[in-house]
2 protein chains.
Amino acid sequence: MPKDPVTRNDVAEYAGVSTAVVSYVVNEGPRKVAPETRERVLDAIRALGYRPNATARALRMGTTRTFGLITPDGGNPLFAELAKAIDREAAARGYVVLQTSADGDPVTERAKIAELLTRQVSGLVLVAPTADPSLDDVEVPVIAINRVLPTVSSVRPAYRDGARAGVEHLISHGHRVIGLVIGGAGHPERELGWRDALAAAGLQEGPIARTTFSREGGYRAAQTLLEAEPTAIFASSDLQAIGVLRALHEAGLRVPDDIAVVAFDGTPETEYTWPPLTVVRQPVELVAREAVRRLIDGEESMEALTVPTELILRRSCGC
Amino acid sequence: MPKDPVTRNDVAEYAGVSTAVVSYVVNEGPRKVAPETRERVLDAIRALGYRPNATARALRMGTTRTFGLITPDGGNPLFAELAKAIDREAAARGYVVLQTSADGDPVTERAKIAELLTRQVSGLVLVAPTADPSLDDVEVPVIAINRVLPTVSSVRPAYRDGARAGVEHLISHGHRVIGLVIGGAGHPERELGWRDALAAAGLQEGPIARTTFSREGGYRAAQTLLEAEPTAIFASSDLQAIGVLRALHEAGLRVPDDIAVVAFDGTPETEYTWPPLTVVRQPVELVAREAVRRLIDGEESMEALTVPTELILRRSCGC
DNA sequence: ACCGGTCTGGAAAGCGATTGCTAGCGTCGG
DNA sequence: CCGACGCTAGCAATCGCTTTCCAGACCGGT
């Protein structure tokens, strides 16, 4: 049965003080309240089950202590992990997060941004946003994750260096023909890292398959890649690598004996694939922490922060 | 550079009308506005880049059109999928969702619930909540997903029937010793379903391993289960099944030739394990839709809604 | 000419909180 | 004994919006 909400007025009346005093004790603010009065108020709050109305407070204070978070796809484990980390960081600072998916569609993305701004979020986190979400007249801090945008602050992993490290590891195992599964346009860095490693070792470019960032995409990409008979494949995301593994198994190839695989991202599920995947781990925690920090502390710089990746050796590379 | 926000007053002034009129046109409300005036206001809105303040509106209207969503772990693919589905359903109705993880901890859960209530959510979705989050004095609709609670409305898959169907399928393949990997206490239904199937076929109970709902848990559970030499394993969740697969691979067992596996949940990743998992699919979309519907339309009944599962045959069962 | 009805727009009362300013009052130094 | 000061507590304005109620303009019918 929905009871009508108890407001600060009720508390004030019950405790026999003015509403202002209730505010003072609720906020433990700079204002002092006599211990005795304070106790009376606290009792009233308990007795009535009073819960301050954050909406009213937000209106008055001009800040909601809420972040907006937009990912291309909440079902993607990487984004889910990021969202979780951001939630944790935000919660630790007393913020909550409005999370929503844009389904990779620029129009939806734009609409969601507008919706969140309308709701007066105190900051906006855009995970792997589309090229130009037009953020000119936005009056709150915005931070882009995993993609650098011209007009906003951003933080993302060292895609190029990380990819290079992954491919170099494959090279150190003696591989000479290393295929690449890369995501759609607009994310060139991992491809560059792959090229860097190959060039530094004096190797020819291996076969490339461009596809979506999905298991299905990786699966199909691997099938076409196999025609070039690579001895190793570097996948630009976990999801793709998982698709690759499936294609490899179906082709009767043994990993890593017949063909090695290394992936970028390193979400937890890569530890339980068969065989477990060697990955270039994206520092999700760090990215989340830094993103939240910048939003709250108001980092001025449009400078993109690049955080280092970590190579995690498991079985799929042959180690 | 943070510009100061443009309010409805600015728009009114710019358009040379009263603030009330601005409201009328913004809300397309019951009130009529002369087309000419209306145009002037719309022009003003565009010119000034006015965005209505949802906080103020919420305060006035007494509803935030926001849902709170608490999952035990945002990183769990099943919950991520659920969250995504709920977000979609909510968005379609003009709601947004405040999502947060309770980390499976009752205390955290309680704190998060309080936080969300403070923020005046219009409804609360609790995914697989702990036993008793004490929701007595809550004045907004609450719905529990994947667990039925004494005091709140709930919706969840047909755990018992689903599990039974999965196990029966295993039996139809000729299996006689079917192990069970089951989650911690408080979720007895899948275990009952397993028993149902066994009893109906006149089979003895197979070995049981109780563990957490995680890959790691499934992995260890399988190792102990193997001592009983089952010919098939039914896992109560995807995550556990993935751990089981790993243990099986490491033991040199071939799936499904040496041992079959069926899992409950059926998140997308089960399609890309090796071999692909036969699963009892939990109808995530349906659950989400029904949950949101109940929240918005205000379902009175405390009756728990049980939605049917679907058996998806893939390779791990031997089909 | 008057009355009633229709159509528009404006004034103003809140929604529940924060906070600057003010007032009451007990205490203490001169 | 008096004035000043420090400590508490209350008043009232304000945040941006919705909505009720009212006023004025204009119409047609009698």
Side-chain angles (χ1 to χ4, degrees), chain A residues 3-42 44-45 48-66 94 117-122 139-140, chain B residues 3-42 44-45 48-66 94 117-122 139-140:
Chain A
K3 304 178 306 189
D4 39 329
V6 20
T7 78
R8 202 199 36 184
N9 290 320
D10 304 325
V11 175
E13 187 177 357
Y14 186 99
V17 298
S18 82
T19 63
V21 180
V22 179
S23 271
Y24 302 152
V25 359
V26 167
N27 301 331
E28 324 237 343
R31 297 285 286 260
K32 293 192 142 182
V33 170
E36 184 206 335
T37 319
R38 177 187 163 74
E39 273 313 315
R40 252 200 353 264
V41 173
L42 288 178
I45 288 177
L48 268 37
Y50 168 66
R51 252 191 283 278
N53 182 326
T55 299
R57 160 178 258 194
L59 176 58
R60 181 61 230 258
M61 307 265 280
T63 170
T64 55
R65 293 185 80 83
T66 300
L117 289 176
T118 278
R119 289 176 181 262
Q120 310 294 113
V121 292
S122 309
E139 55 273 291
V140 301
Chain B
K3 304 178 304 187
D4 40 330
V6 18
T7 78
R8 204 200 34 181
N9 289 322
D10 303 326
V11 175
E13 189 177 356
Y14 185 99
V17 298
S18 83
T19 62
V21 178
V22 179
S23 270
Y24 300 152
V25 0
V26 167
N27 300 333
E28 324 234 345
R31 280 300 289 263
K32 295 190 134 184
V33 168
E36 184 206 335
T37 320
R38 180 186 161 73
E39 273 314 314
R40 261 211 333 276
V41 172
L42 288 177
I45 289 177
L48 268 38
Y50 169 66
R51 251 192 285 276
N53 182 326
T55 298
R57 158 178 259 193
L59 176 58
R60 180 60 226 258
M61 306 261 281
T63 170
T64 55
R65 292 184 80 82
T66 299
L117 289 177
T118 279
R119 289 176 182 260
Q120 309 293 114
V121 291
S122 309
E139 56 273 288
V140 301

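Residue numbering restarts at 1 for every chain, and letters A, B, ... go by the order of the sequence lines.
Of the residues near DNA chain C, Val22(A) and Val33(B), the one whose nearest nucleotide (by heavy atom distance) lies more toward the 5' end is Val33(B). For Thr19(A) and Arg40(A), each mapped to the nucleotide of DNA chain D holding its nearest heavy atom, the one lying further toward the 5' end belongs to Arg40(A). Remark on DNA chain C: of its neighbouring residues Ala56(B) and Arg38(B), the 5'-side contact belongs to Arg38(B), judged by nearest-heavy-atom nucleotide. In terms of position on DNA chain D, the residue among Val17(A) and Asn9(B) whose nearest nucleotide sits closer to the 5' end is Val17(A).
The residue Ala20(B) sits close to a base: some heavy atom pair falls under 4.0 Å.
The distance between atom OH of Tyr24(A) and atom P of dC11(D), rounded to the nearest whole Å, is 11 Å. For the pair Lys32(B) NZ and dT6(C) P, the interatomic distance rounds to 12 Å; values are reported in whole Å. One interatomic measurement links the two molecules: CZ of Arg119(A) to P of dC17(D), which rounds to 14 Å at whole-angstrom precision. In this entry the distance linking CG of Leu59(A) with P of dT19(C) reads 13 Å, nearest Å. Rounded to whole Å, atom P of dT20(D) lies 12 Å from atom CG of Asn27(B). Distance Glu39(B) CD to dT8(C) P: 15 Å, rounded to the nearest Å. Regarding Met61(B), its CE atom lies at a distance of 18 Å from the P atom of dG14(C), rounded to whole Å. Between Glu13(A) atom CD and dA17(C) atom P the separation is 14 Å, expressed in whole Å.
With Thr19(A) as reference, Asn9(A) is the one residue of Asp10(A), Asn9(A), Thr7(A), Val11(A) to meet the side chain to side chain contact (heavy atoms under 4.5 Å, CB included) rule.
With hydrogens and angles left out, the side-chain atoms of Thr55(A) and Thr55(B) include no donor and acceptor closer than 3.5 Å.
In the interface, the side chain of Tyr50(B) is not paired with the base of dG16(D) through any donor and acceptor atom under 3.5 Å apart.
In this structure, CZ on Arg119(B) lies 14.0 Å from CZ on Arg51(A), to the nearest 0.5 angstrom. The OH atom of Tyr50(A) sits 12.0 Å away from the CG atom of Leu42(A) when rounded to the nearest 0.5 Å.
A donor-acceptor contact shorter than 3.5 Å links the side chain of Thr64(B) to the backbone of Gln120(B).
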* To do: Go through the steps for Lys32(B) and Arg38(B) under the test side-chain contact (heavy atoms from CB on, under 4.5 Å), then give the verdict.
  => CA-CA 9 Å; Lys32(B) 295 190 134 184; Arg38(B) 180 186 161 73; over 6 Å; no
* **Candidate pair Val26(A) and Ile45(A), rule side-chain contact (heavy atoms from CB on, under 4.5 Å), full reasoning** => CA-CA 9 Å; Val26(A) 167; Ile45(A) 288 177; 3.9 Å; yes
Are there any protein N/O atoms within less than 3.5 Å of an N/O atom in nucleotides 23-27 of chain D, and if so, which ones and at what distance?
none

